[in-house]
Student: 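Below is one structure. I have some questions about it.
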Amino acid sequence: QVQLVESGGGLVQAGGSLRLSCAASGCTFNRYRMGWFRQAPGKEREFVGAISTTGSTTYYADAVKGRFTISRDNAKNTVYLQMNSLKPEDAAVYYCASGLLSSYYASDTTYDDWGQGTQVTVSS
């Protein structure tokens with residue numbers, strides 16, 4: 001089982017930036033596609049973005065495209081989510097997840113292990 005620990009959340013003003021990190025252990029990290037999801041109060045969990053095993057391919061939800069960037073460092077077993085130009089509607093608990101499938105990256109059912117989440121709050 002993969003253990004995932006997110007960090008980097010916090011309070012930021014609208015227009016600001018945050019970088020989330022997700023450290024993995026208990027796995028051969030470079031075998032796993034990694035995803036970021038978020039869940040706001042009263043809403044369903046939604047896909048934010050994903051990155052392939054090598055980091056050569058990334059996918060983003062339309063709502064964050066052009067503002068968020070996913071990267072990974074396989075030597076450090078860590079995936080990152082750089083969030084720029086944050087909006088109040090980006091406020092949520094952000095989760096990273098790992099999966100072995102290479103397709104259906106936007107579906108949370110294709111991820112096997114999840115972190116505990118990190119809170120992102122955006123003030124207007």
Student: Say whether, by atom type as modelled, one donor and one acceptor occur between the side chain of E6 and the main chain of C96 under 3.5 angstrom.
Tutor: yes
Student: Would you say T110's side chain and Y104's backbone share a donor-acceptor pair under 3.5 angstrom?
Tutor: yes
Student: Determine the minimum heavy-atom distance between T121 and A91, stating which atoms define it.
Tutor: CA-CB, 4.2 Å
Student: Is T69 close to Y80 at the side-chain level, that is, under 4.5 Å between some pair of heavy atoms?
Tutor: no
Student: Could you check whether any side-chain heavy atom of D108 comes within less than 4.5 Å of a side-chain heavy atom of E44, counting everything from C-beta outward?
Tutor: no
Student: Is it possible for you to say whether Y60 and V120 belong to one hydrophobic cluster, with membership spreading through side-chain heavy-atom contacts below 4.5 Å?
Tutor: yes
Student: Should the pair F68 and Y94 be assigned to parallel (<30°), tilted (30 to 60°) or perpendicular (>60°) ring geometry?
Tutor: tilted
Student: If two hydrophobic side chains count as joined below 4.5 Å and joins carry through other members, does F37 share a cluster with V2?
Tutor: no
Student: Main chain of S103, side chain of R33: is a donor-acceptor contact present, judged purely on distance under 3.5 Å?
Tutor: yes
Student: Do any N or O atoms from the side chain of S56 and from the backbone of T54 form a donor-acceptor pair under 3.5 angstrom?
Tutor: no
Student: Please determine whether side chain to side chain contact (heavy atoms under 4.5 Å, CB included) holds for the pair M83 and V12, giving the CA-CA distance in whole Å, both sets of side-chain angles, and the decisive distance to 0.1 Å.
Tutor: CA-CA 11 Å; M83 305 185 294; V12 64; over 6 Å; no
Student: I'd like to know if V79 and L100 are part of one continuous hydrophobic network [Ile/Leu/Val/Met/Phe/Trp/Tyr, side-chain heavy atoms within less than 4.5 Å].
Tutor: yes
Student: Can a side-chain donor-acceptor contact be found between N84 and S17 if the only test is distance below 3.5 angstrom?
Tutor: yes
Student: Between R72 and F29, is there a donor-acceptor pair closer than 3.5 Å when you use the side chain of the first and the backbone of the second?
Tutor: yes
Student: Which heavy atom of A40 sits nearest a heavy atom of A92, and at what distance?
Tutor: N-CB, 3.8 Å
Student: Do I51 and L20 land in one hydrophobic cluster if side-chain heavy atoms of ILVMFWY residues count as linked below 4.5 Å?
Tutor: yes
Student: Apply side chain to side chain contact (heavy atoms under 4.5 Å, CB included) to residues L4 and Y95 and explain how you reach the verdict.
Tutor: CA-CA 9 Å; L4 302 170; Y95 299 90; over 6 Å; no
Student: Could you state the interatomic distance from CZ (R45) to CZ (R38), rounded to the nearest 0.5 Å?
Tutor: 14.0 Å
Student: Okay, side chain of Q3, backbone of Q1: is any donor-acceptor separation there less than 3.5 Å?
Tutor: yes
Student: Donor-acceptor check, side chain of Y111 to backbone of Y105, threshold 3.5 angstrom: yes or no?
Tutor: yes
Student: Might you point out which heavy atoms bring L18 and L86 nearest each other, and give the distance in Å?
Tutor: N-CD1, 3.9 Å
Student: Please check: side-chain N/O of R67 versus main-chain N/O of S85, any donor-acceptor pairing under 3.5 Å?
Tutor: yes
Student: The test is salt bridge (charged side-chain N to carboxylate O under 4.0 Å, His left out); show your working for K87 and D90 and say whether it passes.
Tutor: CA-CA 5 Å; K87 304 175 182 180; D90 293 319; over 6 Å; no
Student: So, taking the atom named CG in D113 and the one named CE in M34, what distance separates them when rounded to the nearest 0.5 Å?
Tutor: 9.0 Å
Student: Checking N30 against T53 for the side chain to side chain contact (heavy atoms under 4.5 Å, CB included) test, could you report, in this order, the C-alpha distance in whole Å, the side-chain angles of both residues, the deciding distance, and whether it holds?
Tutor: CA-CA 5 Å; N30 60 14; T53 56; 5.6 Å; no
Student: Are V93 and W36 linked, directly or through other ILVMFWY residues, by side chains that come within less than 4.5 angstrom of each other?
Tutor: no
